[in-house]
Number of protein chains: 2
Amino acid sequence: MYAALADGNRRSMVDRLSHGPATVKQLAEPLVMSLPAVLQHLRVLEESGLVRSQKTGRVRTCYLEPAALTAAEQWIADRRAGWMSRLDRLDDFLQGEDS
Amino acid sequence: MYAALADGNRRSMVDRLSHGPATVKQLAEPLVMSLPAVLQHLRVLEESGLVRSQKTGRVRTCYLEPAALTAAEQWIADRRAGWMSRLDRLDDFLQGEDS
DNA sequence: CCAATACTTAAGCAGGTGCTTAACCATTCG
DNA sequence: CGAATGGTTAAGCACCTGCTTAAGTATTGG
């Protein structure tokens with residue numbers, strides 16, 4: 001899941017999709033790489049749950065899955081919160097010592 | 001940066017550090033891997049800015065860098081917010097159509 | 001001082017990632 | 001129909017990752 005966000009090109013794709021849905025062609029256009037490469041990145045993003053897509057006719061349209069983004073965000077937020085609260089308690093302790 | 005969080009063992013280490021600082025030995029203890037492997041993971045985490053460490057005597061103590069976690073969290077939050085607001089506007093548009 | 005502890009470095013290796021090209025399938029459009 | 005468009009599959013290759021073992025170095029503790 002974070003592995004999907006580990007690659008810069010994939011983050012660019014997520015960034016593009018945050019502005020709205022896009023076809024595979026549109027996703028590929030700003031990227032300096034072949035279409036099959038884009039497909040592979042797209043597959044990684046789909047397997048991570050970050051992106052969904054559906055094919056109508058010959059065009060595949062891709063869009064973000066906000067729930068997956070929320071989950072990734074939450075994991076970081078939880079760890080940070082744990083560490084920060086620990087810093088706060090330490091701070092309280094030091095202040096107690098000081099007075 | 002997300003590459004650092006891409007590995008499960010490294011996420012375990014971050015998780016452990018969110019409960020408080022730890023020595024290399026302590027970080028390695030719950031992990032099924034050799035000490036040098038832990039060192040390598042630690043190096044990746046330090047290069048990503050997520051973790052800092054300092055050596056006193058023969059013991060190296062590691063701790064989280066909350067600013068880096070915040071940055072990672074923020075990137076996701078921004079993308080999610082962009083996409084969500086777009087969904088909201090679409091929703092408004094459809095409601096306008098409907099009435 | 002000598003051995004245990006805690007880490008560190010170096011080398012090497014299996015497997016994974018990201019990319020390419022070549023060929024192919026499926027859906028429009030003229 | 002037949003060519004153009006949009007996507008897909010397969011194979012292959014260079015490089016990167018995560019791990020290992022073996023051999024250090026640097027601090028303690030007895």
Inset, instruction - With rounding to the nearest 0.5 Å, note down the distance linking CG in A:Leu64 to NE2 in A:His19. - result: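 These two atoms lie 10.5 Å from each other.
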
Legend entry - A:Trp75 side, atom CH2; B:Ile76 side, atom CD1 - distance, nearest 0.5 Å: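 Between atom CH2 of A:Trp75 and atom CD1 of B:Ile76 there are 10.5 Å.
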
Legend entry - Ion pair check, B:Glu46 and B:Arg52, cut-off under 4.0 Å: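 Between B:Arg52 and B:Glu46 there is no salt bridge, as every charged N stays at least 4.0 Å from the carboxylate O atoms.
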
Inset, instruction - Taking only Lys NZ, Arg NE, NH1 and NH2, and the carboxylate oxygens of Asp or Glu, determine whether A:Glu47 and A:Arg43 approach each other closer than 4.0 Å. - result: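 Yes, A:Glu47 and A:Arg43 are salt-bridged.
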
Inset, instruction - Say whether B:Val38 and B:Val44 are linked into one hydrophobic cluster, either directly or through other cluster members, by side-chain heavy-atom distances under 4.5 angstrom. - result: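 The answer is no; the residues belong to distinct hydrophobic clusters.
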
Inset, instruction - Heavy atoms under 4.0 Å is the rule here; annotate nucleotides 22-30 of chain C 5' to 3' with B where the base is hit, S where only the sugar-phosphate is, and - elsewhere. - result: B----BS--

Inset, instruction - Would you indicate which nucleotide in C:dC7, D:dG18, D:dC19 comes nearest to any side-chain atom of B:Arg10? - result: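 The answer is D:dG18, which lies nearest to the side chain.
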
Inset, instruction - Among C:dT8, D:dT20, C:dA6, find the nucleotide with the atom closest to the side chain of B:Gln40. - result: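 Out of C:dT8, D:dT20, C:dA6, the nucleotide with an atom closest to B:Gln40's side chain is D:dT20.
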
Atom-pair distance ([atom1] on [X]; [atom2] on [N]), nearest Å:
X	N	atom1	atom2	answer
B:Arg60	C:dA6	CZ	P	15 Å
A:Glu46	D:dT8	CD	C1'	13 Å
A:Leu39	C:dT21	CG	C1'	15 Å
B:Leu42	C:dT9	CG	P	11 Å
A:Leu5	C:dT17	CG	P	15 Å
A:His41	D:dT8	NE2	C1'	16 Å
B:Met33	D:dG18	CE	C1'	8 Å
B:Leu35	D:dT21	CG	C1'	13 Å

Legend entry - Near-strand residues of residues 11-26 of chain A, defined as heavy-atom separation under 4.0 angstrom from DNA chain C: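 None - not one residue of the stretch has a heavy atom sitting under 4.0 Å from the strand.
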
Legend entry - N or O in side chain of B:Ser34 less than 4.0 angstrom from D:dC19 OP1/OP2: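 False: B:Ser34 side-chain N/O out of range (4.0 Å or more) of D:dC19 OP1/OP2.
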
Closest approach of [X] and [Y], non-hydrogen atoms and distance?
X	Y	result
B:Arg80	A:Pro66	CD-O, 3.7 Å
A:Gln26	A:Pro21	OE1-O, 4.4 Å
B:Glu73	A:Ala77	OE2-CB, 3.3 Å

Return all side-chain donor-acceptor pairs below 3.5 angstrom for residues 4-17 of chain A, not counting sequence neighbours, or 'none' if the list is empty.
residue : atom : partner : partner atom : Å
A:Asp7  : OD2  : A:Asn9  : N            : 2.9
A:Asp7  : OD2  : A:Arg10 : N            : 3.1
A:Arg10 : NE   : A:Ala4  : O            : 2.7
A:Arg10 : NH1  : A:His41 : ND1          : 3.1
A:Arg10 : NH2  : A:Ala3  : O            : 3.1
A:Arg11 : NH1  : A:Leu5  : O            : 2.5
A:Arg11 : NH1  : A:Ala6  : O            : 3.3
A:Ser12 : OG   : A:Gly8  : O            : 3.1
A:Asp15 : OD1  : B:Arg79 : NE           : 2.8
A:Asp15 : OD1  : B:Arg79 : NH2          : 3.0
A:Arg16 : NH1  : A:Gly20 : O            : 3.2

